[in-house]
Amino acid sequence: MIRKVKGTRDILPPESRLWAAVEAEARRIFGGLGYEEIRLPLLEPTELFVRGVGEGTDIVTKEMYTFADRKGRSLTLRPEGTAGVARAFIEDGLAQRPQPQRLYYIGPMFRYEKMQRGRYRQFGQIGIELLGAATPSADVEVLLALHEFLAALGFDDLIIMLNNLGDPEDRPRFVARLKEELAPHKHELCRDCQRRWDENPLRILDCKVDTCHAIVAETTPIADIVSGEARAHVETVAAGLDALGIPVQPAPRLVRGLDYYLRTVFEVVSPQLGEGTVICGGGRYDRLISDLGGPPVPGIGFAIGEDRLVDVLPQTFRDRILGTRPVVILPLAAEATAPAFDCARNLTGHGIEVRIEVTGRSLRAGLKWATKLGARAAVILGPDEIAAGTATLRDLDRGEQEEVSLEKLPAVLMQDGPEVPSRRLP
RNA sequence: GUGGGCGUAGCUCAGCUGGUAGAGCACAGGAUUGUGGCUCCUGUGGCCGUGGGUUCGAGUCCCAUCGCCCACCCCA
């Protein structure tokens, strides 16, 4: 048997419906705020990510799907979306269009990692990027878009965590200060943090080990050390969000794994998955485009992990999407075939979801089949009905049925709306 | 990359100290002619992950290998 590549997965119906619905909501919400879709290659030159994401990051050092093509060029399956957007911004001259540029993307990313729950080698991301605006308002807008999207999906327990990473110039100063404050407790830190001490001191901040957590809690937050301008920037963002009633939790220890972030950084976590499994991550990246050889255009954006999002989707949303019930059409004779399809065309034209029996089942078997599908009604078309130009419409919940002329069928079925939510489906 | 658990039907699993494979669910059909849900009957479906070894004989014992899952790490 040929099996799927490790870390990839098959998304089957009905779960695929949830994905489609989530994406539809994203297009609706982000589109409403002026964001337009950008579709980019899954394959990029390796150098893009080395320079964009950062040479020392875990993503670049050990998580990239990199290989040589037939002419020996090093290519990489994109591990994230922002670098590609920045590349396109430069290459396609998006700076020549009205600024700022509002873009969103939906699609798979690839990281060569050992997988576990909520972590795959191919995973879906939905992200937006706002390019060409450096103001706190830009940040507020992006967070607003995020919040609106999550709200549209019915989430009410997700937490947006916000921190200020300062400007790159602040970084050495902060690292020095951190090490200074941590030095007395250095030997108390966990083994991983001992390693991080030299490799990536900032990562000690969001260590989940209790003892480390306690030690780190005593250190001075980055936000208190960053320079005046960067500090004011994020404080203004926080105030802006507060004014909109968007709840944000300050996260002084929040650090992100990609090098290009500065100032505003944020993550969304779910109480269900715990803080270890981030659903959305984002932040400001004012140097990225210039670092890649483009103009000095600031940017901010985020990426939502679609797999994880679908995993914790509120029950109300799941029910709304999965709970639709079709109308089954059962032709009982050869001469009923054409009328059955005609009827299907008629009903679908009214937004009624149908399912036509095409395997030649008996009426009895057809009704069993309809029940298994969770159909709300069956349209029975036998010789008698065809002769009379009618259909027998059977309500599968009440077990009652009536003769309805084919023309009136849509109207009768529409009395309860085109789709009637069913009892809860798995 | 490190550590642990598990591979028998589409799914969940049983199969004792070795004797050539089972259940439930699911799927398909039927139980009076054109009427579902409950019940009953029948059927489809497995080279027991793969390869090798021990043995008269391996789902069962041994070795290897592949795959899956969980945790760490990191992230979406």
Side-chain angles (χ1 to χ4, degrees), chain A residues 1-9 12 53 56-64 78-82 106-127 190-193 195-196 199-200 203 206-209 254-258 266-270 273-282 301-312 328 330-333 336 357 359-386 391-401 423 426:
Chain A
M1 183 174 52
I2 299 173
R3 267 179 300 206
K4 70 177 81 66
V5 172
K6 189 189 186 86
T8 63
R9 55 192 201 135
L12 310 171
V53 175
T57 59
D58 282 317
I59 289 179
V60 170
T61 56
K62 52 184 195 187
E63 292 171 6
M64 291 208 298
R78 63 182 186 188
E80 58 101 50
T82 304
I106 297 173
M109 305 294 164
F110 303 83
R111 287 182 203 173
Y112 196 94
E113 291 186 276
K114 192 114 175 189
M115 44 170 307
Q116 59 184 267
R117 156 109 114 130
R119 207 181 65 190
Y120 308 96
R121 289 185 175 178
Q122 176 180 332
F123 56 97
Q125 278 194 344
I126 300 174
C190 69
R191 192 144 33 101
D192 288 321
C193 285
R195 178 174 51 73
R196 292 183 182 119
E199 288 179 12
N200 194 347
R203 281 238 149 256
D206 62 0
C207 181
K208 291 151 220 110
V209 177
L254 173 61
V255 173
R256 309 235 62 238
L258 286 68
F266 52 92
E267 286 181 352
V268 175
V269 298
S270 157
L273 293 177
E275 292 191 18
T277 306
V278 175
I279 287 182
C280 168
F302 61 75
I304 296 167
E306 205 172 353
D307 304 72
R308 292 173 181 182
L309 188 72
V310 170
D311 201 31
V312 298
V328 155
L330 303 174
L332 296 182
E357 210 301 300
T359 65
R361 285 181 169 91
S362 65
L363 174 58
R364 173 192 179 76
L367 287 170
K368 278 193 170 199
W369 176 67
T371 301
K372 274 184 284 205
L373 294 181
R376 61 177 165 124
V379 173
I380 300 164
L381 294 168
D384 299 347
E385 286 86 352
I386 299 302
T392 296
L393 178 61
R394 181 171 181 83
D395 183 313
L396 292 173
D397 291 331
R398 294 188 209 129
E400 298 162 358
Q401 62 189 40
R423 50 228 176 247

Engineer: Applying a 4.0 Å non-hydrogen cut-off, can you work out what A:E306 is touching in the nucleic acid: base, sugar-phosphate, or nothing?
Structural biologist: nothing
Engineer: Do A:R394 side-chain atoms and A:Q401 backbone N/O form a donor-acceptor pair below 3.5 Å?
Structural biologist: no
Engineer: Could you check if a side-chain atom of A:F123 sits within less than 4.5 angstrom of a side-chain atom of A:R308, using non-hydrogen atoms only?
Structural biologist: no
Engineer: Which of these nucleotides, B:G34, B:G36, B:C27, is closest to any side-chain atom of A:P383?
Structural biologist: B:G34
Engineer: Heavy atoms only, 4.0 Å cut-off, all strands: where does A:Q122 land among base, sugar-phosphate and nothing?
Structural biologist: nothing
Engineer: Does a side-chain N or O of A:Q116 approach OP1 or OP2 of B:C70 to a distance below 4.0 Å, or not?
Structural biologist: no
Engineer: Toss me the dot-bracket line for RNA chain B: Watson-Crick and G-U wobble, both under 3.5 Å, 5' to 3', using | for pairs to another strand and [ ] for crossers.
Structural biologist: (((((((..((((.....[..)))).(((((.......))))).....(((((..]....))))))))))))....
Engineer: Counting only N and O atoms by type, is there a donor-acceptor contact under 3.5 Å from the side chain of A:R78 to the main-chain atoms of A:P108?
Structural biologist: yes
Engineer: Output the single nucleotide from B:C70, B:G36, B:G29 whose closest atom is nearest the side chain of A:A365.
Structural biologist: B:G29
Engineer: Would you measure the distance from the P atom in B:C11 across to the matching atom in B:G5 and give it in whole Å?
Structural biologist: 24 Å
Engineer: Distance between the C1' atoms of B:U65 and B:C25, in whole angstroms?
Structural biologist: 33 Å
Engineer: Taking the C1' atom of each, how far is B:U12 from B:G51, in whole Å?
Structural biologist: 29 Å
Engineer: As a test of reading the structure: which of B:G36, B:G34, B:C74 is closest to the side chain of A:D384, going by heavy atoms?
Structural biologist: B:G34
Engineer: Looking only at the side chain of A:T371 (C-beta and beyond, no hydrogens), which of the listed nucleotides B:U35, B:A71, B:G37 gets closest?
Structural biologist: B:G37
Engineer: Work out how far the P atom of B:C68 is from that of B:G49, and round it to whole angstrom.
Structural biologist: 16 Å
Engineer: Can you tell me if A:K62 touches the phosphate of B:C73, counting only side-chain N or O atoms and a distance under 4.0 Å to OP1 or OP2?
Structural biologist: no
Engineer: Of A:M115 and A:I279, whose closest RNA chain B nucleotide lies nearer the 5' terminus?
Structural biologist: A:M115
Engineer: Does the side chain of A:R394 get closer than 4.0 angstrom to OP1 or OP2 of B:U35 through an N or O atom?
Structural biologist: no
Engineer: Using a 4.0 Å heavy-atom cut-off across all strands, classify A:G127 as base, sugar-phosphate, or nothing.
Structural biologist: nothing
Engineer: Can you check the distance between B:U17 and B:U44, where both ends of the measurement are the P atom (answer in whole Å)?
Structural biologist: 33 Å
Engineer: Distance check, C1' atoms only: B:G57 and B:C38, in whole angstrom units.
Structural biologist: 47 Å
Engineer: The side chain of A:L367 lies closest to which of these nucleotides: B:A71, B:U35, B:A28?
Structural biologist: B:U35
Engineer: Has A:R121 got its NZ or CZ under 6.0 Å from the middle of the six-membered ring of A:Y112, at an angle within 45 degrees of the ring axis?
Structural biologist: yes
Engineer: Is the phosphate of B:U35 approached by A:S362 (side-chain N or O, under 4.0 Å from OP1 or OP2)?
Structural biologist: no
Engineer: So what does A:I126 hit on the nucleic acid, given a heavy-atom distance under 4.0 Å: a base, only sugar-phosphate, or nothing?
Structural biologist: nothing
Engineer: Which nucleotide wins on minimum distance to the side chain of A:R364, given the candidates B:G34, B:A71, B:G36?
Structural biologist: B:G36
Engineer: How long is the line joining CG of A:L373 and C1' of B:A26, in whole Å?
Structural biologist: 14 Å
Engineer: Quick one: which of B:A71, B:G37, B:U35 gets closest to the side chain of A:I380?
Structural biologist: B:U35
Engineer: Base, sugar-phosphate alone, or nothing: which one does A:A378 contact when heavy atoms must sit under 4.0 Å apart?
Structural biologist: nothing
Engineer: Hey, which sits more toward the 5' end of RNA chain B by its nearest nucleotide, A:E113 or A:L332?
Structural biologist: A:L332
Engineer: Within the structure, does a side-chain N or O atom of A:R361 lie under 4.0 Å from either OP1 or OP2 of B:A28?
Structural biologist: yes
Engineer: Rounded to whole Å, how long is the line connecting atom NZ of A:K6 with atom P of B:G7?
Structural biologist: 17 Å
Engineer: Can you tell me if A:R361 and A:T359 form a side-chain donor-acceptor pair at under 3.5 Å?
Structural biologist: yes
Engineer: Using the P atom as the point on both nucleotides, what is the distance between B:G15 and B:C72, in whole Å?
Structural biologist: 32 Å
Engineer: Where the side chain of A:K372 is concerned, which of B:G36, B:C72, B:A28 is the nearest nucleotide?
Structural biologist: B:A28
